[in-house]
Undergrad: 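A single structure is presented below for examination.
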Amino acid sequence: MCYDIHQDWKSKEIGKPLQGANRHIVSIHCKAIILLFCIGLLIIQAGCATSRTHSIALSPVRIGSPTVQSPNPHLAAAIKRYIASMTLEQRVGQLFVLQFTTADYTAESTTMIRRFQPGGVILYQFEMSTIQQTRTLVKNMQDDAIIPLLVCSDVEGGAIDNLATMYPDGRPNATQMGRTGDVEYIYQQGEQTAHDMKSVGLNVNLAPDVDVMTANGPDQINRTFSTDPRLVTQYATAYLDGLEDGGVIGTLKHYPGLGGATSDAHLGLPVINHTIEQIEQVDLAPYRAILGSSHRSTLIMTTDLLMPALDPLNPAEVSPTIIGRLRHELHFDGVIMTDALYMYGIAARYSMNEAAIRALIAGDDLLLGPFTIDSTQSMLAAIMQAIKSGQLTQQRIDESVYRILMLKAAWGMWH
């Protein structure tokens, strides 16, 4: 699916609410949510040569690792002009990564895409039963999107593999890959995962996990490459290279580092009492090395954990100090995505709407969480009100929209 950024958004019909769509907010125990909602992102490049025309040329980039260093100035200017032509609601819509409660592309799902025009969606194992069914699901979503969607899924390997129903042979988890010590093998696993994801249209993997395991926490078992930050960096880089060479966007997570957690971040707020020295030498080391050694157009996912040495009050994903460190000290100007804003660690403190506003103020770009028409409309209205009141600025929204659209352009969604 490709898109001409010179097309006038207002000339396209935005779907109106469908009569009879299921509008109730689903209330589920957190463990059920975990089973239903695991994580990821997508571009259908196979459909890129079809219906829509394109008038902006990208600088030639290798399919694997597009660079965001010195972006094409004509493209950057065109994207800024396009953003200026968007309504404020359309800009806010690009900040959402929506999820759904059914495997079918229902009337409610259709309305959520058409009405809110999100930047992305996330698919989980319960939504992907066969290759053809998943391809059709993704195509339907992309057909209803004006700007191509980032369609995400979480395919780390082992127990966290949302492709497992379609590809039941299984893939090794990060710990198993790390124990081989074989960088080429790890690269091949990343490349094979990219191949499998692209076969159904997915193009954003919420992996690799670059947490350095320093505590035997329940949420980190088999999800980390090593207890050594140097090996985590080496193995995660190999896996990321494999993903990108296979044409799938990788995601470094869980910034600033969940490896010292002794509790499950899905069920509460982990407190990691590392010193500044430990944080620098262990937790942040993979981010600093990977971001410093390449110019990948990648994603970073943050999460809800408390690191008192960096910020004693705010969970990481809503902390201006912690997100600011990524922006200003690690010099990352790419897309930052929150973890699910309904997870108990964040939900115990804030409503999902308040968490979204705080995340944007902190510097995050993509908001993961809304899963019904009502929850999405409520978050949209809350952000619009925050802009009206001055709590957020339109400039801050535009910064995130620009990063999101540049990421999509760098990966060939616009030609």
Side-chain angles (χ1 to χ4, degrees), residues 41 58-59 61-62 64-73 75-77 79-80 83 95 150 204 206-212 229-230 232-234 236-241 243-244 249-259 274 276-303 305 307 309-311 314 316-339 359-366 393 395-411:
L41 274 144
L58 291 176
S59 296
V61 292
R62 182 166 68 90
S65 303
T67 176
V68 291
Q69 186 183 34
S70 302
N72 181 328
L75 174 67
I79 288 177
K80 289 178 180 178
I83 293 171
L95 310 181
L150 297 168
V204 178
L206 297 185
D209 187 323
V210 295
D211 298 325
V212 181
R230 293 170 298 177
V232 169
T233 299
Q234 184 180 15
T237 298
Y239 186 85
L240 184 62
D241 285 342
L243 281 178
E244 294 185 331
I249 302 171
T251 307
L252 306 180
K253 65 181 186 184
H254 304 83
Y255 177 83
L258 197 56
H274 287 179
I276 289 291
E277 183 178 19
Q278 287 175 309
I279 293 168
E280 286 291 340
Q281 295 183 2
V282 178
D283 299 297
L284 294 181
Y287 293 97
R288 195 178 300 279
I290 293 171
L291 297 177
S293 65
S294 70
H295 302 285
R296 292 181 178 86
S297 180
T298 188
L299 275 157
I300 289 179
M301 172 179 274
T302 183
T303 195
L305 61 87
M307 271 190 175
L310 296 182
D311 187 335
N314 299 297
E317 63 192 341
V318 296
S319 167
T321 300
I322 292 176
I323 302 301
R325 195 179 190 92
L326 179 57
R327 294 291 189 201
H328 305 303
E329 294 185 27
L330 276 69
H331 306 293
F332 180 69
D333 195 35
V335 175
I336 302 174
M337 181 180 183
T338 71
D339 213 330
L360 292 173
I361 291 171
D364 299 278
D365 304 302
L366 286 171
T393 66
Q395 180 183 357
R396 172 67 197 87
I397 301 300
D398 290 352
E399 289 171 359
S400 287
V401 177
Y402 176 78
R403 292 186 189 112
I404 293 163
L405 298 188
M406 284 297 292
L407 175 68
K408 293 179 178 183
W411 282 86

Undergrad: Quick one: does Y255's side chain get under 4.5 Å of M337's, heavy atoms only?
TA: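 Not touching, per the 4.5 Å side-chain cut-off.
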Undergrad: Crowded around R396 CZ? As in, over 12 foreign heavy atoms under 6.0 Å?
TA: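 More than 12 heavy atoms, drawn from other residues, nucleotides or ligands, come within 6.0 Å of this atom.
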Undergrad: Using a distance-only test with no angle check, is there a side-chain donor-acceptor pair under 3.5 angstrom linking D365 and S400?
TA: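 Distance-only check passes for D365 and S400.
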Undergrad: With a 4.5 Å limit on heavy-atom distance, are the side chains of L150 and L299 in contact?
TA: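 Contact flag for L150/L299 side chains = no.
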Undergrad: State which residues pass side chain to side chain donor-acceptor pair (under 3.5 Å) with D283; sequence neighbours excluded, sorted by chain then number.
TA: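 If we apply the side chain to side chain donor-acceptor pair (under 3.5 Å) test to D283, skipping adjacent residues, the hits are H274.
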Undergrad: Counting C-beta onward and ignoring hydrogens, is there a side-chain heavy-atom pair between L326 and T302 closer than 4.5 Å?
TA: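 Of all side-chain heavy-atom pairs linking T302 with L326, none is under 4.5 Å.
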Undergrad: Kindly indicate whether the side chain of T251, heavy atoms from C-beta on, has any atom under 4.5 Å from the side chain of V204.
TA: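 T251 vs V204: side chains touch.
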Undergrad: Do I322 and N314 have side chains that get closer than 4.5 Å, going by heavy atoms?
TA: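 A side-chain contact under 4.5 Å is absent here.
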Undergrad: Does the side chain of V318 reach to within under 4.5 Å of the side chain of I323, using non-hydrogen atoms?
TA: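 In short, these two side chains do not touch, never coming nearer than 4.5 Å.
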Undergrad: Hey, does L95 have a side-chain heavy atom less than 4.5 Å from the side chain of V401?
TA: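 When only atoms from C-beta onward are counted, L95 and V401 do touch, with a gap below 4.5 Å.
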Undergrad: Let's go through T233 and I290 carefully: what are the C-alpha distance in whole Å and the side-chain angles of both, what is the deciding distance for side chain to side chain contact (heavy atoms under 4.5 Å, CB included) to 0.1 Å, and is it a yes or a no?
TA: CA-CA 7 Å; T233 299; I290 293 171; 4.1 Å; yes
Undergrad: Q395: which residues meet the side chain to side chain donor-acceptor pair (under 3.5 Å) condition with it, sequence neighbours left out?
TA: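 None.
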Undergrad: Could you check if a side-chain atom of D339 sits within less than 4.5 angstrom of a side-chain atom of E317, using non-hydrogen atoms only?
TA: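 Of all side-chain heavy-atom pairs linking E317 with D339, at least one is under 4.5 Å.
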